[in-house]
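Reading through the structure tokens given below for one structure.
In the text below, chain A, chain B and the rest are named by the order of the sequence lines, each starting its count at 1.
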Amino acid sequence: FPGKPLKLSLATEEIATFYAKMLDHEYTTKEIFQNNFFHDWRKEMTSEEQEIIQDLAKCDFSEIHKYFVEKSEARKALPKEEKQKLKEEADKIQEEYGYCLLDGHREKIGNFKTEPPGLFRGRGDHPKMGMLKKRIMPEDVIINCSKDSKIPEPPEGHKWKEVRFDNTVTWLASWTENIQNTLKYIMLNPSSKLKGEKDWQKYEVARRLKDVVHEIRARYRADWKSKEMKNRQRAVALYFIDKLALRAGNEKEEGETADTVGCCSLRVEHIKLHPRLDGQEHVVEFDFLGKDSIRYYNKVSVEKRVFKNLQLFMKNKDPSDDLFDRLTTNFLNKHLQHLMDGLTAKVFRTYNASITLQEQLKALTNPEDNVAGKLLSYNRANRAVAVLCNHQRSVPKTFAKSMEILQAKIDAKKKQVEEAQQELKKAEDELEDTKDAKAEANVEKKKKLLKRLEEQLARLNVQATDKEENKQIALGTSKLNYLDPRISIAWCKKFGVPIEKIYNKTQREKFAWAIAMANEDFEF
DNA sequence: ATTTAGACTTGGAACAATCTTT
DNA sequence: AAAGATTGTTCCAAGTCTAAAT
């Protein structure tokens, strides 16, 4: 060092491997990441190492990087039996530690391992990216179980931080994570009875909202005229939450996380007002980073009174000032609680997502379609919800390429169709001339061929459209968290689509409660 | 009334397994 | 059978919201 190998102490070496493994990742090119990493790394070095290693730029991690790349390739290249053996070992661990006994039932645990040490990867512009996430020791872990149960033994030579018997919470173990100083938990798998019941409850609350949402809308519209500024802001915010499915937007500690906002934390700089835009009146242009630093961009025509209120809220403010300066999520939720038992801001997202799915399925499903066609309609309905909730993903790495391949297939099919058309024409001309039975049979044959090819082409086109429309849209989150599964199950039953076509094994386990409950006339 | 701690849901990316094509 | 694409699973960060503390 520099330029020649340096033997590191064990701890220093381990941390170096964390960085080396990430060399291909964009993170390691970011200055904040590098600085945070280097700062934390040096803290763990011996004084000799600190003396030698003073500049990250002079460290060459490529040997370590290479080692891990080779190691992972070697693992991939392992013979079948070896892989099988590894899998069996993993299954054995899962079998031993992956389950717990709750109220006499064996239940699967969601995450039964503590998180391994590594470098913190925040999302978006996170001030803490690159910091060292420390190894969790038994002394950090709190165990929560029944008094009369077999209390898990800590590893040899160690003890737990605490063992408690709290049956008012659902977690089995917890520890404090050192980056944000927050708690992490070991909890049950979504397939468990406990989680399933909570999930059901969640949708039942959303269904109750359906009964009163008209009153609530009338109420917030009236409040747009309230004399109390606080209430006006609340009413406008609620309108956004309802109409645009925005998140509540809790306050965040500045400098601790990436700068993101939700409805109540919107700032003046996040919206632009256009009295007139593209032939529409009272247009609000939203542009902000939401959860996970996903951009929300939308131009919406709003009611005149909302527009006027926004102008008022923005008056004499700096771009970095809060749009709803008198409003907190707590104040909003207190109000909602008062309007309906159990109502909070996020219930609107659940309600609007589920009702949208139900309506879209009704509008898009054609009973005459085959299963593939119906599934396309289902995907489209699902997509409408994902768009509403702004569930975006980055374009898959292989997207352009696989699109090209599909396009090539389409072009080839088009050619075939054209050829078939010509063939048919020829056959028809021949029939014209000869008028014999053989020629007629030939015309029929060519017609059939053409029809089949055209159908294949149509299917490919649909597939391409579907793929293109789905390019930047993530369907998973809405499917798993926002759409009442009973709507989908009822739809499947009604139109003869097997449930496995829309829910895979894990999803069916998670939604077991709904599968047992919903018949074809379930209505959200 | 406001802040903080705690508990739980929601979120996309990374990784792993499986299916399809060559 | 290898490679490539697709689908399923795991990971863990980042939200929401309530209750307790101040």
Rounded to the nearest Å, what distance is computed from the CG atom of residue A:L483 to the C1' atom of nucleotide B:dT10? 13 Å
Surrounding NZ of A:K85 (heavy atoms of other residues, nucleotides or ligands, distance under 6.0 Å), is the total greater than 12? no
Salt bridge or not between A:D223 and A:R219? Use side-chain N to carboxylate O under 4.0 Å. yes
Atom CD of A:Q463 and atom C1' of B:dT20: how far apart are they, to the nearest Å? 13 Å
Quick check on contacts: within residues 377-390 of chain A, what sits under 4.0 Å from DNA chain C by heavy-atom distance? none
Just by distance, do the side chain of A:D287 and the backbone of A:H270 share a donor-acceptor pair under 3.5 Å? no
Collect all protein-nucleotide pairs involving nucleotides 9-13 of chain C in which both atoms are nitrogen or oxygen and the distance is under 3.5 Å.
unit_1	atom_1	unit_2	atom_2	d
C:dT9	OP1	A:T506	OG1	3.1
C:dT9	OP2	A:T506	OG1	2.0
C:dA13	OP1	A:K133	NZ	3.1
C:dA13	OP2	A:K184	NZ	2.5
C:dA13	N3	A:R123	NH2	3.0

Select base, sugar-phosphate, or nothing to describe what A:S174 touches, counting heavy atoms under 4.0 Å on all strands. nothing
Between protein and nucleotides 17-22 of chain C, map the contacts as a letter string: B base, S sugar-phosphate only, - none, heavy atoms under 4.0 Å, written 5' to 3'. BB----
What's the spacing between A:F112 CZ and A:I93 CD1 if we round to 0.5 Å? 7.0 Å
What is the separation between atom CZ on A:F68 and atom C1' on B:dC15, rounded to the nearest whole Å? 17 Å
Do the side chains of A:C264 and A:L332 get nearer than 4.5 Å, heavy atoms only? yes
Minimum-distance nucleotide to A:H391 side chain [options: B:dT9, B:dG11, B:dA16]: B:dG11
Roughly how many Å is it from CZ in A:R247 to C1' in B:dT9, rounded to a whole number? 11 Å
Would A:R267 and A:E269 pass as an ion pair if we require N to O under 4.0 Å? yes
Rounding to a whole Å, what distance do you find between A:M187:CE and B:dG6:P? 13 Å
All N/O pairs under 3.5 Å across the protein-nucleotides 2-4 of chain C interface:
none

Figure out the CG/C1' separation between A:L183 and B:dT9, and round it to whole Å. 16 Å
Is there a side-chain polar atom (N or O) of A:Y482 under 4.0 Å from OP1 or OP2 of B:dG11? yes
Please enumerate all residues that pass side-chain contact (heavy atoms from CB on, under 4.5 Å) together with A:E26, with sequence neighbours excluded. A:T29, A:K30
Heavy atoms under 4.0 Å, any strand shown: does A:T328 hit a base, just sugar-phosphate, or nothing? nothing
Nearest heavy atom decides the nucleotide; on that basis, is A:G290 or A:K467 closer to the 5' end of DNA chain C? A:K467
Hey, are the side chains of A:F165 and A:I151 touching, using non-hydrogen atoms and a 4.5 Å cut-off? yes
Residues passing the side chain to side chain donor-acceptor pair (under 3.5 Å) test with A:R208, sequence neighbours excluded, are none
With a 4.0 Å cut-off on heavy atoms, is A:L480 in touch with a base, just the backbone sugar-phosphate, or nothing at all? nothing
Please state how far atom NE2 in A:H25 lies from atom P in B:dG12, giving the value in whole angstrom units. 16 Å
Can you measure A:R508 atom CZ to C:dT7 atom C1' for me and round it to whole angstrom units? 14 Å
